Amino acid sequence: MKILENVIANKNLVFTDASTGATTPVGTLYRSLGLNPVEKGLIFLYNDNQVPSIEVLLNFYGTALAIAVLGQKLHPEFKERLEAEYRPKYIFDPSRDEVQGYSLKEFSETVKIFAKEDYQPEVTIHPDIKILLSTSGTTGVPKLVKLSDENLYQNAVSILQYMPILESDVVPLNVPINFVYGFSIFTTNCMRAGRIVCTDKDIMQKAFWDEMEEYGYSTLGGVPYLYENLNRIGFFRKDSSSLRYMTHTGGVINAELRKTIFNYCLEFEKQFFAQYGQTEAGGRMAYLTTDGLLEEETSIGTPVNGGSFQIDPETDELLFLHSSISGGYANKLEDLSTYEQPRLLHTGDTGRRGQNGLYYITGRIKRIMKLFGIRLNLDEVEFILKNELEGNTVVCLNGNDKKIIVLYDNLNIDPQTITETIKNKLRINPQYVRTEYIESFPLSQNGKINYPLLQNLQHENI
């Protein structure tokens, strides 16, 4: 296991509980649960970026089990749906007191894990599958990306070629590791940094800044929304002495904010790395350094070391080549028996290569949007809404990755029902949902709703 071997080799690495200050060296944490290294099967790890979650991850990484890293705040219905589909051997979820068909087993004073009663393996999980991460954001559809240790290691090595991580760095886990970006931040820093601070605070809480001052965070990572909030609270108007560099992925940062960040970095001698990546390639596929923030258009920069891009001549789709490309998707337990790594990754984004050698994203082929870094399949959101609205037609559109636009053609529908459903099922704040009545939906020649026309009309109104 190359990732774990490199993490263990970073002998000075420690993990700190932000709320208590309790610190544990990596040499103690990764082997604290007394696991059998040859044990096989599947564990669901519902992560909250706290020390017990990290402890479970590191311990099980050293076994033959595959680990599905999922969000602890995932809606209970979706947890049940995933568990019924994949029937894992173990479930780590501190938010629940019981899980039907499982017994709670105490592995240590701080770690309790649900073990399936009378477990019998139904499939042989392919030995290359180490980590499973969801691509579907908060929609909870059981589609998981099959990542090998080699995928993750090769991506981490590529990132470490440009990321200025030092052994003295103190790194907060402010990005959930059940997202591939957060997982990538975790692995690369565990391989090279000195301290990982496990925190459940976010930048809009005073407690986060108290922790930053107490521990001296060297870096911050986040999606565009994080940097928009930082700008809103005046972060870029003064120095944070411990901070050396910042990273970003998950969408476009607007031009004015890019200038603000560039000027901040110039004045206070910081670095900023804008990045582009997908779960299917283990995390980060391209990067742009601080100077690139002054580009007139938003560029994703250049591919990471060992990787390359191609542009499909027929569709303009951006294609990615790298050894970090995953072994496909799992929609059900039986899919875990195979691992088939393609030569190149179809990103679903259209792009172009500029004369300066930098790459630019020009659009999306699929109906996928990123709402503050969380990837949402709009078809899946529609499916959820239609179930709640007794089959009434609704159309979900992308409001520039800032809002979900929901169109409906039945005056009897209460728009508040739409926003409440999205809030309750997907945990998305209603302020990021816009509802709009439409007299009738335009149809294409084949009789289907004309989504491109509706999307273009909405762009004209945004």
Side-chain angles (χ1 to χ4, degrees), residues 75 77-78 81 134-143 223-225 228 250-252 254 298 312 314-318 329 331 346-352 361-462:
H75 194 281
E77 287 183 14
F78 294 139
R81 181 177 172 187
S134 174
T135 67
S136 51
T138 58
T139 54
V141 174
K143 181 178 181 180
V223 296
Y225 185 56
E228 290 168 4
V252 174
N254 67 71
T298 303
D312 187 303
E314 294 184 3
T315 64
D316 289 334
E317 183 177 14
L318 186 70
Y329 300 103
N331 293 287
H346 289 259
T347 66
D349 292 323
T350 56
R352 66 176 181 83
I361 298 297
T362 58
R364 288 202 177 105
I365 291 177
K366 300 176 182 178
R367 281 188 17 92
I368 295 223
M369 69 176 288
K370 284 188 176 180
L371 187 65
F372 309 126
I374 298 175
R375 190 156 71 164
L376 293 167
N377 185 319
L378 293 175
D379 291 326
E380 293 168 0
V381 179
E382 282 185 12
F383 179 79
I384 291 169
L385 287 172
K386 288 176 182 178
N387 281 343
E388 292 294 317
L389 299 172
E390 300 178 344
N392 276 288
T393 301
V394 294
V395 166
C396 293
L397 302 173
N398 182 356
N400 284 347
D401 283 352
K402 300 292 185 184
K403 288 191 176 185
I404 300 174
I405 300 169
V406 184
L407 307 180
Y408 60 99
D409 63 350
N410 185 345
L411 284 172
N412 293 322
I413 292 176
D414 182 357
Q416 188 172 349
T417 302
I418 294 173
T419 55
E420 284 297 313
T421 298
I422 291 176
K423 174 186 175 182
N424 294 330
K425 295 288 187 180
L426 306 180
R427 300 187 186 279
I428 292 173
N429 192 310
Q431 68 176 311
Y432 305 125
V433 181
R434 192 180 95 202
T435 58
E436 184 175 326
Y437 170 75
I438 184 171
E439 188 171 340
S440 62
F441 290 107
L443 303 179
S444 58
Q445 290 183 349
N446 61 6
K448 296 182 178 180
I449 292 175
N450 194 330
Y451 280 88
L453 175 60
L454 285 170
Q455 187 69 66
N456 289 337
L457 290 173
Q458 289 301 323
H459 278 309
E460 292 175 5
N461 296 330
I462 293 173

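Given the structure is predicted, the values throughout are model-derived calculations rather than measurements. Side chains included, hydrogens not; waters and symmetry mates left out as well; all remaining heavy atoms used.
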From the list Leu385, Ile405, Ile384, side-chain contact (heavy atoms from CB on, under 4.5 Å) with Cys396 holds only for Leu385
Non-hydrogen atoms of [X] and [Y] that approach each other most closely:
X: Leu397; Y: Leu378; result: C-CD1, 3.8 Å
X: His75; Y: Asn424; result: CD2-O, 2.9 Å
X: Tyr329; Y: Lys143; result: CD2-CE, 3.4 Å
X: Ile418; Y: Tyr408; result: CD1-CD2, 3.9 Å

Once you round to the nearest 0.5 Å, how far does [atom1] of [X] lie from [atom2] of [Y]?
X: Phe441; Y: Thr393; atom1: CZ; atom2: OG1; value: 6.0 Å
X: Ile404; Y: Arg434; atom1: CD1; atom2: CZ; value: 12.5 Å
X: Asp312; Y: His346; atom1: CG; atom2: NE2; value: 7.0 Å
X: Asp316; Y: Glu314; atom1: CG; atom2: CD; value: 10.5 Å

* Check whether any side-chain N or O of Gln455 sits under 3.5 Å from a backbone N or O of Asn398 as a donor-acceptor pair, and report yes or no. => yes
For Tyr437, the side-chain hydrogen bond (donor to acceptor under 3.5 Å, both in side chains) test, sequence neighbours excluded, returns none
The salt bridge (Lys or Arg N to Asp or Glu O under 4.0 Å) partners of Lys403 (sequence neighbours excluded) come to none
Across all chains, not counting sequence neighbours, the salt bridge (Lys or Arg N to Asp or Glu O under 4.0 Å) partners of Glu382 are Arg367, Lys386
The side chain to side chain contact (heavy atoms under 4.5 Å, CB included) partners of Thr419 (sequence neighbours excluded) come to Gln416, Pro430, Val433, Thr435
Residue set satisfying side chain to side chain contact (heavy atoms under 4.5 Å, CB included) with Leu453, at least two apart, ordered chain then number -> Pro442, Asn450, Leu457
Inset, instruction - Show your working on side chain to side chain contact (heavy atoms under 4.5 Å, CB included) between Ile428 and Leu376 and close with a plain yes or no. - result: CA-CA 11 Å; Ile428 292 173; Leu376 293 167; 3.7 Å; yes
Measuring only between side-chain heavy atoms, which start at C-beta, is [X] closer than 4.5 Å to [Y]?
X: Glu388; Y: Thr417; result: no
X: Val381; Y: Val394; result: no
X: Leu389; Y: Thr421; result: no
X: Ile438; Y: Glu436; result: no

So salt bridge (Lys or Arg N to Asp or Glu O under 4.0 Å) across residues 392-402, not counting sequence neighbours, yields Glu228-Lys402, Arg364-Asp401
